[in-house]
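Since the structure comes first, as structure tokens, the remarks are kept for the end.
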Amino acid sequence: MQGQKIPIDTRPLFKPLDKKLIELLKSLEADDWNKQTVAKDWKVKDVVSHIIDTKLRTLSMQRDKYFGEKAPEINSYGDLVAFINKLNADWIQASKRFSPEVLIFLLESIGDSTADYYNSLDPWDEAIFAVDWAGESKSYNWMHLAREYTEYWHHQQQIRDAVGQQGIMTKTFFHPFMDTFFQALPHTFKDVEAEPGTLVEVHITSDIGGTWYLQKLEGDWQLVEKADNTHDAYVEIPFDVSWILFSKSLRPHEVMGKVKIEGRKELATKVLEMVSVIA
């Protein structure tokens, strides 16, 4: 576990985020449900179905300790990704028979159960699942819940982006999401050689964004609150590009004309390779 990280408490955000989602879905027109999202294989209806699947699996596996489907032998991160992708695809296919009204009913029926379960957890207990994309073999609950929050946030934003309705691109909802995503940055740089003290500064634009600092310390790269020395590399990413890039719906070569880079290009471009989802 990585105790040096500053905990991100996302627990108070799950219920208000869920409320925003229900309000959004009830406002959609019939054709909105078939609009394409940035998740290239999924339409709006598919993303909604996936959110329901995630909530049901959380309650069954994490709260109730019920693992109804035995995983195949997992020998690598790639094996894990393949298994999760199959679970997702199976549910999406089966849920195509559900109407939008039924999907909303299911979300409302689950209600606050998932958030209540999250709130029952001790943030400093060991989590049931590690956050692999942050390079952790074991995680605390606060990091696991922050990862869960990023899932709910970015899937809801995929829907909002597809139907042209904003609502969660605010400091309250966006900053914890992006702060969690950046926990993957040291792991992204794990094989990058640099002199101790080398500093990479990343800025997400607008008042809802923020600035993150990655520094090479003795032995490894770490996120630091602020560094005394000037940066060796600087990256500025528009807020409306950042969430799509780091959730892998855009790739670095597709955003080069939209980002600002200063200093050592090999360090700056490495930032764009960060992926903060299971993929």
Could you tell me whether Lys138 and Glu136 make a salt bridge, using a distance below 4.0 angstrom between a side-chain N and a carboxylate O? no
For the pair Leu106 and Lys55, evaluate side chain to side chain contact (heavy atoms under 4.5 Å, CB included) and give the outcome as yes or no after the intermediate values. CA-CA 10 Å; Leu106 288 172; Lys55 287 179 175 291; over 6 Å; no
Do Trp124 and Asn141 have side chains that get closer than 4.5 Å, going by heavy atoms? no
Is there a side-chain contact between Val202 and Phe182 in this structure, where contact means two heavy atoms from C-beta onward sitting under 4.5 Å apart? yes
Glu108 with Lys26: basic N within carboxylate O range, under 4.0 Å: yes
Do the side chains of Phe189 and Tyr234 join up, straight or via other hydrophobic residues, at under 4.5 Å, putting them in one cluster? no
I'd like to know if the side chain of Thr150 reaches the main chain of Arg147, judged simply by a donor and an acceptor atom lying under 3.5 Å from each other, with no hydrogens or angles considered. yes
If a pair satisfies ring-ring contact (aromatic ring centres under 6.0 Å, His included) and one of its residues is in residues 84-114, list it, with sequence neighbours excluded. none
Applying side chain to side chain donor-acceptor pair (under 3.5 Å), which residue pairs with at least one partner in residues 170-192 are found, sequence neighbours left out? Asp179-Trp212
Do Val275 and Phe246 touch side chain to side chain, with heavy atoms closer than 4.5 Å? no
Mind checking whether Ile74 and Ile128 sit in one hydrophobic cluster, side chains of I, L, V, M, F, W, Y counted as touching below 4.5 Å? no
Keeping the roles fixed (side chain from Thr205, backbone from Phe239), state whether a donor-acceptor pair exists under 3.5 Å. yes
Do Ile159 and Leu24 touch side chain to side chain, with heavy atoms closer than 4.5 Å? yes
Polar side-chain atom of Tyr149 near backbone of Phe173 as donor-acceptor pair, under 3.5 Å: yes
Going through the checks in order, is the side chain to side chain contact (heavy atoms under 4.5 Å, CB included) test met by Leu245 and Arg251? CA-CA 6 Å; Leu245 172 67; Arg251 294 290 70 221; 4.3 Å; yes
Does Arg11 reach the main-chain N or O of Tyr118 with its side chain, forming a donor-acceptor pair under 3.5 Å? no
Is Lys35 salt-bridged to Asp32, cutoff N-O under 4.0 Å? yes
Lys/Arg-Asp/Glu bridge criterion (N-O < 4.0 Å) met for Glu273, Lys270: yes
The reported gap from CG in Asp46 to CD in Gln93 (rounded to nearest 0.5 angstrom) is 9.0 Å
Which distance, rounded to the nearest 0.5 Å, do you find between the CD1 of Ile51 and the CG of Leu21? 5.0 Å
Find the distance between CG (Asp18) and CD (Gln156) and round it off to the nearest 0.5 Å. 8.0 Å
Once rounded to the nearest 0.5 Å, what's the spacing between atom OG1 of Thr114 and atom CD of Gln62? 9.0 Å
Below 4.5 Å, heavy atoms only, C-beta onward: do Leu199 and Leu214 meet side chain to side chain? no
Does any non-hydrogen side-chain atom of Val277 lie less than 4.5 Å from one of Phe181? yes
Checking Lys258 side chain against Ile237 main chain: does a donor-acceptor pair fall under 3.5 Å? no
Interatomic spacing from OG in Ser206 to CG in Asp240 - rounded to 0.5 Å: 8.5 Å
Short side-chain donor-acceptor distance under 3.5 Å, Gln158 and His155: yes
Could you grab the distance from atom CZ of Phe174 to atom CE of Met169, nearest 0.5 Å is fine? 5.5 Å
4.5 Å side-chain heavy-atom contact, His50 and Asn88: yes
Donor-acceptor pair, side chain of Thr10 and main chain of Leu13, under 3.5 angstrom: no
Does either side chain, that of His144 or that of Ser139, offer a donor lying less than 3.5 Å from an acceptor on the other one? no
Please check: side-chain N/O of Glu126 versus main-chain N/O of Phe129, any donor-acceptor pairing under 3.5 Å? no
Above 12 or not: heavy atoms from other molecules or residues under 6.0 Å from CZ of Phe67? yes
Look at the side chain of Arg160 and the backbone N and O of Gln166, then say whether any donor-acceptor pair between them is shorter than 3.5 Å. yes
Should Leu80 and Met61 be regarded as members of a common hydrophobic cluster, given that ILVMFWY residues are connected when their side-chain heavy atoms come within less than 4.5 Å of each other, either directly or indirectly? no
So with a 6.0 Å cut-off around NZ of Lys226, is the heavy-atom count from everything else above 12? yes
Side chains of Phe177 and His154, heavy atoms from C-beta outward: is any pair under 4.5 Å? yes
For the side chain of Ser49 and the backbone of Ile92, is there at least one donor-acceptor N/O pair under 3.5 Å apart? no
How about CD on Glu266, more than 12 heavy atoms from neighbouring residues, nucleotides or ligands closer than 6.0 Å, or not? yes
Pi-cation contact, Phe14 with Lys19 (under 6.0 Å, within 45°): no
